[in-house]
Amino acid sequence: MFPQLKKFNNESGIVLFIILMTAIIIMIFSVGILTQSMNENNYAQQQVDQVICDQLIKELYANAYSSGNLQNVGISTVMQGRNYQVTLNNYGLIASGADAGSYNLQTTCNYDTFQ
């Protein structure tokens, strides 16, 4: 049927070599795809964490501003199994420049990065 293959005898091992090389190449591609999938999941979780932090900071600022308490305040909450700690630090009024009379505020959001 295939006269060019008749010159290889059963003991040459060329078929085994070809199968092993093909299997190794398939495994390399599989590991690459799996790694890419894990990276996509981690990146998506980072984006979710950033959105949650942004919303928590806005909520903390709105609550502190509406109550008239722009001192150093913070909240701690658990969302989607992660701990988030949000703080609002007030460093006083800005005395001079274009922003004179406004508050010098710093917000910080920390969250667990492990699952």
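- A donor atom on one side chain and an acceptor atom on the other are found under 3.5 Å apart for Glu40 and Gln36.
- For the residue pair Ala64 and Leu88, the shortest heavy atom distance occurs at CB-CD2, 3.9 Å.
- Distance CD1/Ile24 to CG/Leu20: 6.0 Å, rounded to 0.5 Å.
- Atom CG in Leu60 sits 11.5 Å away from atom SG in Cys53 (nearest 0.5 Å).
- Atom CD of Gln85 and atom CG of Asp112 lie 6.5 Å apart (nearest 0.5 Å).
- Clustering ILVMFWY residues whenever any of their side-chain heavy atoms sit less than 4.5 angstrom apart, transitively, puts Ile18 in the very cluster that holds Val15.
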(request) Quick one: do Ile52 and Gln80 satisfy side chain to side chain contact (heavy atoms under 4.5 Å, CB included)? Show the steps, please. (result) CA-CA 10 Å; Ile52 290 173; Gln80 299 177 351; 4.1 Å; yes
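- In Met38, the CE atom is not crowded: 12 or fewer heavy atoms of neighbouring residues, nucleotides or ligands sit closer than 6.0 Å.
- A distance-only check finds a donor-acceptor pair linking the side chain of Ser30 to the backbone of Ile26 [under 3.5 Å].
- Distance CD1/Ile28 to CD1/Ile33: 12.5 Å, rounded to 0.5 Å.
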(request) Evaluate side chain to side chain contact (heavy atoms under 4.5 Å, CB included) for Thr77 paired with Leu56, printing each intermediate quantity in order. (result) CA-CA 9 Å; Thr77 187; Leu56 288 173; 3.9 Å; yes
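- Distance check, rounded to the nearest 0.5 Å: CG of Asp49 to CG of Asp54 gives 12.5 Å.
- Taking hydrophobic clusters as Ile, Leu, Val, Met, Phe, Trp and Tyr residues chained together by side-chain heavy-atom distances below 4.5 Å, Phe29 does not share a cluster with Leu34.
- To the nearest 0.5 Å, atom CD of residue Gln47 and atom CG of residue Asn42 are 11.5 Å apart.
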